[in-house]
2 protein chains.
Amino acid sequence: MTTERIPSQMLKGILEGAILIIIGQGETYGYALHEALNRLGFGDIPEGTIYPLLLKMQRNNQIVGVRHPSTTGPDRKYYHLSATGEQDAIAFSRQWQQLAAAMDQLTEGSEPREDED
Amino acid sequence: MTTERIPSQMLKGILEGAILIIIGQGETYGYALHEALNRLGFGDIPEGTIYPLLLKMQRNNQIVGVRHPSTTGPDRKYYHLSATGEQDAIAFSRQWQQLAAAMDQLTEGSEPREDED
DNA sequence: CTCTCTACCTTGTAATGCAAAGTATATAAA
DNA sequence: TTTATATACTTTGCATTACAAGGTAGAGAG
């Protein structure tokens, strides 16, 4: 199992972008986001991280939240991207690619072997 | 020119790992590190970021610094990895790969087109 | 009625990148 | 000599971020 925990310091500034992209692929709510991030390999991001972040993104007019009742539990707050959020999602993708490219440059031809553990 | 500025929040926790890897590829000093990071595409990381980080890494016994006189300017403090630092560099590489894999999953088949604007 | 799963929110803390300012050496220009 | 520039390292304080810990509440199972 290569599922290694990503340190929280490494996620700083990336979670917001990741969430922008996820919401951009279809409106969703906090609790489902928690499961989506886990499924994608970001690890078990706690609710104490996700919900305050969503509220901040709402304050910054990146996302818009609408409450909907659920028949199987408490209300859900569905979020979708605003125009600003869409632009931010695109900007984040570019910045991520820039970072990934720099990291690629860094580890070019000097990666530690992992053939046999 | 696709050289986009990587936001500082996005670098949090990644700079340390990147520096571990660079120093692992051959001992170097702060000022040269500043240029190397720029050349690799990480952007113009200010000295107020690099030097305090090196001092912290030294306190944490990840790197070892040795002063050497220079004939072309002030003394240089050359750093090399400690045993701890080598392990941390390897751990960081794994964690980065985990993060990059999660980001790949995220943008799978749903990237914004850039063919034509 | 209690327990669990779902679903959201708040407060306070530690970690990180950075701006701003300072110190000091070597070299070239005035 | 004086001034300026590139090199080279350090410190203090700030804004941002992920998180732990705790709280609130609805729906269904026992």
Side-chain angles (χ1 to χ4, degrees), chain A residues 5-20 27-38 42-60 62-63 65-79 88 92 95 99 102, chain B residues 5-20 23 27-38 42-60 62-79 88 92 95 99 102:
Chain A
R5 186 91 192 85
I6 301 173
S8 52
Q9 305 298 357
M10 210 162 145
L11 289 173
K12 280 184 195 286
I14 293 179
L15 261 187
E16 180 177 312
I19 289 179
L20 279 174
E27 70 168 10
T28 185
Y29 56 99
Y31 199 82
L33 215 43
H34 169 257
E35 291 172 340
L37 288 167
N38 212 329
F42 287 93
D44 187 9
I45 312 297
E47 304 186 356
T49 295
I50 294 177
Y51 289 116
L53 180 51
L54 287 172
L55 292 177
K56 191 207 70 172
M57 292 166 72
Q58 195 178 27
R59 275 198 309 277
N60 294 351
Q62 295 176 302
I63 57 178
V66 183
R67 277 192 176 279
H68 285 294
S70 167
T71 56
T72 66
D75 288 0
R76 296 172 178 169
K77 198 168 166 189
Y78 283 88
Y79 291 97
D88 290 350
F92 168 75
Q95 291 152 359
L99 176 57
Chain B
R5 187 88 193 85
I6 301 173
S8 52
Q9 306 297 357
M10 210 160 143
L11 289 173
K12 281 182 192 284
I14 292 179
L15 262 187
E16 179 178 312
I19 289 178
L20 278 174
I23 295 179
E27 70 168 11
T28 185
Y29 55 100
Y31 199 82
L33 214 43
H34 169 257
E35 291 173 339
L37 287 168
N38 212 330
F42 287 93
D44 187 8
I45 312 297
E47 304 186 356
T49 295
I50 294 178
Y51 290 116
L53 180 51
L54 288 171
L55 293 177
K56 191 207 71 171
M57 291 166 71
Q58 195 177 27
R59 275 198 310 277
N60 293 352
Q62 295 176 301
I63 58 178
V64 180
V66 182
R67 277 192 176 282
H68 285 294
S70 165
T71 56
T72 66
D75 289 358
R76 296 171 179 170
K77 198 168 164 188
Y78 283 88
Y79 291 97
D88 290 349
F92 169 75
Q95 291 153 359
L99 176 57

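These figures come from a predicted structure and were not determined experimentally. First the proteins, then the strands, lettered A, B, ... as listed; each starts at 1. FYI, side chains are in, hydrogens and waters are out, and symmetry mates aren't considered; it's all heavy atoms of this structure.
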What is the distance, rounded to the nearest whole Å, between atom [atom1] of [X] and atom [atom2] of [N]?
X       : N      : atom1 : atom2 : answer
A:His68 : C:dC8  : NE2   : P     : 12 Å
A:His34 : D:dC19 : NE2   : P     : 10 Å
B:Met10 : C:dC18 : CE    : C1'   : 17 Å
A:Asp44 : D:dA18 : CG    : P     : 15 Å
A:Ile50 : D:dA21 : CD1   : P     : 17 Å
A:Ile45 : C:dA7  : CD1   : P     : 19 Å
B:Asn60 : C:dA14 : CG    : C1'   : 14 Å

Nucleotide-resolved protein contact map, nucleotides 3-17 of chain D, B/S/- at heavy-atom distance under 4.0 Å: ----BBBBB----SB

May I have the list of side-chain donor-acceptor pairs in residues 6-16 of chain A shorter than 3.5 Å, sequence neighbours left out?
residue: A:Glu16; atom: OE1; partner: A:Lys56; partner atom: NZ; Å: 2.5
residue: A:Glu16; atom: OE2; partner: A:Gln62; partner atom: NE2; Å: 3.3

Min side-chain heavy-atom separation [X]-[Y] under 4.5 Å:
X       : Y       : result
A:Thr49 : A:Pro46 : yes
A:His34 : A:Asp44 : yes
B:Ile23 : B:Thr28 : yes

Single hit among A:Tyr79, A:Tyr78, A:Tyr29 for ring-ring contact (aromatic ring centres under 6.0 Å, His included) with A:His68: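 Single ring-ring contact (aromatic ring centres under 6.0 Å, His included) partner of A:His68 among A:Tyr79, A:Tyr78, A:Tyr29: A:Tyr78.
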
Over all atoms of both residues, closest heavy-atom pair of A:Phe42 and A:Ala18: CZ-CB, 4.0 Å

